[in-house]
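Report on one structure; see the data block that follows.
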There are 2 protein chains.
Amino acid sequence: MTKIQTAKGRASGKITLAEVAARAGVASMTASRAISQPERVSASLRQRVEQAVAELGYVPNRAARALASAQSNVIAVLVPSLSNAVFTEVLAGIQDVLDADNYQLLIGNTRYSDAEEEKLLGIYLQSNPDGILLSGMTHSPRVEQMLQASQIPVVSMMDLAETGQAFAVGFSQFQAGYTMTRYLLDKGHRRIGFMGAQLDERTLKRAEGYRKAMRESGLEDKRLEVMVSDPSTIALGAELLGRMLSVAPDCDAIFCCNDDLAHGAIYQCQRRGITVPDQIAICGFNDLPASAWMKPSVTTISTPRYRVGFEAASLLRALIRKETVPQTQIDLGFTLMARESA
Amino acid sequence: MTKIQTAKGRASGKITLAEVAARAGVASMTASRAISQPERVSASLRQRVEQAVAELGYVPNRAARALASAQSNVIAVLVPSLSNAVFTEVLAGIQDVLDADNYQLLIGNTRYSDAEEEKLLGIYLQSNPDGILLSGMTHSPRVEQMLQASQIPVVSMMDLAETGQAFAVGFSQFQAGYTMTRYLLDKGHRRIGFMGAQLDERTLKRAEGYRKAMRESGLEDKRLEVMVSDPSTIALGAELLGRMLSVAPDCDAIFCCNDDLAHGAIYQCQRRGITVPDQIAICGFNDLPASAWMKPSVTTISTPRYRVGFEAASLLRALIRKETVPQTQIDLGFTLMARESA
DNA sequence: CTGAAAGCGCTTACAG
DNA sequence: CTGAAAGCGCTTACAG
């Protein structure tokens, strides 16, 4: 490995494009082209550059490229949780689209916190991302303002916008909540409880759908709503089942805003000797893997997480490339999985 | 918002430090200092700069900073999966250490693939990260060589090194596999099966621990090992239970390399009317949340995922700051959770 | 198809 | 405590 240009002063000590070019006997910018746009360079020259790259172990400096080209090749993704399987599947969909394109994904976990979202977005904006993928439709004014000022393409995931302005890929959380409740009503249940955790916007929209269905049947009763802001877990579901039964002992069905909660509620019923669905029907949301396998298997709403990520990333890429996109909203729908528990 | 310096030519059109400096009536580098090292600047000047930043909505350009300072403030993390709760908890631990420091986390999902790991590492190296967090102790020669050439501090997570050379934070996967098997043997089980999926290095080490314990008791039998390279899921556990029983019908206990598998195996037993643990004992690994709640509750090994991330990130940060660290290996141990299923 | 020059937006020595 | 100059490692127009 020959050091063609001695690193001095503030040099990083790493191999630079100039050194590659020198070894290949071409100008820097020709070496640059041979690497970035190999088709625009003669074959022999390309080969000489490639060889120099290999011999020197050249690693392009992304910061320098970003600075010179005013293009970062970075895409920022903000999700509210990584422990929730829903969002890891969304990420898988995103990766499958973007990994191919030498994009660098900045994955941020906001932990359902506006403050954390503002902070992460602020940091990510310093990288001048080509595009941004956000979870949910509502954000703090500060976030809205930063996005506005940045002029960077944004696609929202997991829900749909009420006004058709913003780009969004998902399904109607409201509609899904409504659908599940109607299913329960159609099965003859009257005292249907709603169990909500986290109280993020998606949970709240599902709750609204639930309320609409209950109201339509003249069955709305605030006492049937058990809502807490703690994160959704199996343990919480077990606890809330107890709370629901003490507040509304005559409750004959429970719509859990999340499968975790439903699993916990069902386990708790098993411990208390309450049979599901005979004494009480229990259903969840999202169709996590265990729902199909548990005894009783869990009635739930299957949501297209992977496809949300996949389509959102595809849409964002089109936006970045300034292609014309057919629509701002992509509704991927949802599926009610009627199983044993309700 | 006054445009002090007209963006022309190749300018990005964004507010620059020079514009902030001009508005504050100071030199660029003074503005730079006021932002990065506020304590080294007079109060009045700092205030003027802060005001200019706020008024102009200045966002520092991270690429320029990285290029000028030869320091990226980036830390790359490579995990084999994001759908596995184990690694999302590791990430939570990492975030809790690093988020405070304005570090930018590059989270890469290698999907248990060497090729993917090489690719991601290659991309991340272009960002010249200050440090790298890796999962596991064994990597492809190409990865080893890239790491070697980069001279960047690396900390490995989830296991311990056999030679004390590399920096590692985790616990002995081998020892954990041995411990679980001994527990089963001590309970009187003789025909203990091992169910392995994914076949990543951690699974293989647990299997080795299992084999050692079986061998010590003169009970080793290759037919008791059901190993497949598919990802570990509940569905796979259900399927492998059937396979195990057809290969070794007299099997009286099964050590699943993962809780997912154990859950699936237990559900399958329920469907077939096999009682756990009376007819067959089943245990898992990792202590996922459902294990404590299922009926029967699942005997498993609780692993310190969050702390692995936390301590690994702390160690890496110390390495980056060139602090002296007391040891290269941090053994966080594991805990056997004896519950109902075995 | 190839190249000499300028510049991206910051920070690092070095002075004073 | 503050600043004028140089430079980090690339790519972008612009020529030829």
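Values reported hereafter were calculated over all heavy atoms of this structure, with side chains retained and with hydrogens, waters and symmetry mates removed. We name chains A, B, ... by the order of the sequence lines, and we start the count at 1 in each one.
For A:Gln126, the side-chain hydrogen bond (donor to acceptor under 3.5 Å, both in side chains) partners two or more places apart in sequence, or in a different chain, are B:Arg62. Applying the side chain to side chain contact (heavy atoms under 4.5 Å, CB included) test to A:Glu144 and every residue at least two apart in sequence or in another chain returns A:His139. With sequence neighbours excluded, no residue forms a salt bridge (charged side-chain N to carboxylate O under 4.0 Å, His left out) with B:Asp130. Among residues two or more places apart in sequence or in another chain, the side-chain hydrogen bond (donor to acceptor under 3.5 Å, both in side chains) test is passed with A:Asn61 by none.
Nearer the 5' end of DNA chain C, as judged by each residue's closest nucleotide, is the contact made by A:Gly25, out of A:Gly25 and B:Ala66. Between A:Gln37 and B:Ser42, the residue anchored nearer the 5' end of DNA chain D, judged by the nucleotide with its closest heavy atom, is B:Ser42.
Donor-acceptor pairing under 3.5 Å is recorded for the side chains of B:Gln51 and B:Glu55.
At a threshold of 4.5 Å between non-hydrogen side-chain atoms, the residues A:Met157 and A:Val77 count as touching.
For B:Arg62 and D:dC8, the CZ to C1' distance is 17 Å, given to the nearest whole Å. Between the CG atom of B:Asn73 and the P atom of C:dC10 there is a distance of 15 Å, given to the nearest Å. Rounded to whole angstrom, the span from the CG atom of A:Leu56 across to the P atom of D:dG9 amounts to 14 Å. For the pair A:Leu67 CG and D:dC8 C1', the interatomic distance rounds to 9 Å; values are reported in whole Å. In this structure, NZ of B:Lys14 is placed 17 Å from C1' of C:dG7, rounded to the nearest angstrom. Atoms OH (A:Tyr58) and P (D:dG9) sit 10 Å apart, rounded to a whole Å. Put simply, CG on A:Leu17 is 13 Å from C1' on D:dC8, counting in whole angstrom units. We find that CD1 of B:Ile15 is positioned 16 Å from C1' of C:dC8, with the value rounded to whole Å.
Between A:Met158 and A:Arg202 the shortest heavy-atom distance is CB-CD, 3.9 Å. Pairing each heavy atom of A:Val79 with each of A:Ser135, the nearest pair is CA-OG, 3.4 Å.
For A:Asp96 and B:Arg111, the salt-bridge test passes: some basic side-chain N is under 4.0 Å from an acidic carboxylate O. Ion pairing between A:Arg317 and A:Asp101 holds under the 4.0 Å rule for side-chain N and carboxylate O.
Within the 4.0 Å cut-off from OP1 or OP2 of D:dT11, at least one side-chain nitrogen or oxygen of A:Ser32 is found. For B:Ser69 and C:dC10, the shortest distance from a side-chain N or O to OP1 or OP2 is not below 4.0 Å.
Comparing D:dG9, C:dT2, D:dG7 by their closest approach to the side chain of B:Ala68 singles out D:dG7. The side chain of A:Arg65 sits closest to D:dT11 out of D:dG3, D:dT11, D:dT2.
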I'd like a list of close polar pairs between nucleotides 14-16 of chain D and the protein, N/O only, cut-off under 3.5 Å.
none

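In DNA chain C, runs of at least 3 consecutive Watson-Crick or G-U pairs, each pair with both distances below 3.5 Å, span C:1-3 with D:14-16, C:5-12 with D:5-12, C:14-16 with D:1-3.
Nucleic acid contact for A:Ala27: sugar-phosphate only, since backbone atoms but no base atoms lie under 4.0 Å from a heavy atom of the residue.
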